[in-house]
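Here the structure is laid out as structure tokens; the discussion comes afterwards.
Every number for a ligand or one of its atoms is a count from 1 in the order of the listing.
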Amino acid sequence: MATTPAVGVLALQGDVREHQKVLTDLGAEVVLVRTPAQLEAVSGLVIPGGESSVIDKLSRIFELADPIRQRIEVGMPVFGTCAGLIMLADTVLDAIEGQRSFGGLDVTVRRNAFGSQNQSFETQLEVPELGEPPVHATFIRGPVVDTVGARARVMASLPDGRVVAVAQGNLLGTSFHPEMNGETRFHSYFLDRVAEHAA
Ligand code: GLN
């Protein structure tokens, strides 16, 4: 029987536990990634929500930023939610001075595009690729995808047209937090990419 490859959750800051639980419930072996050696041991990575400027800073201090960039370049599947999507975007608007992303996704995102913490909201989001029912999506100071480049594709938009989920090859990013609502289909999609890539 084939063994399922281990997947990582970048565990520098943010809602690490929630992702760990969804992935574990789906049957995945999960490694919390804080060192380059732990990164090497995983076949895919989830970047949680939190604060992208902090994740950026800590990833450099922990010497994970360049190794993550290199793995993204060679096709490692990565799923980023909220701050995680910001870390995957090639271009970030309204970043703090000196803030960098890992990049990989051919998109421009705008941080905090939905306003402050108390303007957080939840909505039922149609995601055609995931079928029915719609996704219960929680937005907490999330980014919006301002521009979708030729290599990326839109997975979901709000009724007003703002893009909030994108994919490109083995990369997936959402402006919202599926891990907070018992939603597992994005994580399943990610694990499928991991299984395919490892095969
Ligand atoms: N506003 C945060 C940032 O810019 C993202 C918020 C979140 O991940 N819930 O990183």
### Task
Considering only NZ, NE, NH1 and NH2 on the basic side and carboxylate oxygens on the acidic side, decide whether Arg17 and Glu179 come within less than 4.0 Å.
no
### Query
Is Arg100 paired with Asp56 through a side-chain N to carboxylate O contact shorter than 4.0 Å?
no
Atoms in ligand 1 with a heavy atom of [X] nearer than 4.0 Å:
X: Ser52; result: 3 (C), 4 (O), 10 (O)
X: Asn112; result: 1 (N), 2 (C), 4 (O)
X: His177; result: 7 (C), 9 (N)
X: Gly50; result: 2 (C), 5 (C), 6 (C), 7 (C), 8 (O), 10 (O)
X: Cys82; result: 5 (C), 6 (C), 7 (C), 8 (O), 9 (N)
X: Gly49; result: 8 (O)
X: Ile86; result: 3 (C), 4 (O), 10 (O)

### Message
Quick check on Gly142 - does any of its heavy atoms sit under 4.0 Å from an atom of ligand 1?
### Response
no
### Task
Can you pull out the closest protein heavy atom to atom 4 (O) of ligand 1? Residue, atom name and distance to 0.1 Å, please.
Arg111 NE, 2.7 Å
What do you reckon, does [X] have a nitrogen or oxygen under 3.5 Å from a nitrogen or oxygen of ligand 1?
X: Ser53; result: no
X: Thr81; result: no
X: Ile140; result: yes

### Query
Checking side-chain hydrogen bond (donor to acceptor under 3.5 Å, both in side chains) for the pair Thr108/Asp146: CA distance, chi angles, key distance, verdict?
CA-CA 5 Å; Thr108 298; Asp146 248 38; over 6 Å; no
### Task
Kindly indicate whether the side chain of His19, heavy atoms from C-beta on, has any atom under 4.5 Å from the side chain of Met180.
no
### Message
On the six-membered ring of Tyr189, is Arg193 placed so that its NZ or CZ lies under 6.0 angstrom from the centre and within 45° of the ring axis?
### Response
yes
### Message
Could you see if Phe79 belongs to whatever hydrophobic cluster contains Val107? Use Ile, Leu, Val, Met, Phe, Trp, Tyr and a side-chain cutoff under 4.5 Å.
### Response
no
### Summary
His136 and Glu183 have their tightest heavy-atom pair at N-OE1, 4.4 Å
### Query
Is it the case that more than 12 heavy atoms not belonging to Glu63 sit under 6.0 Å from its CD atom?
no
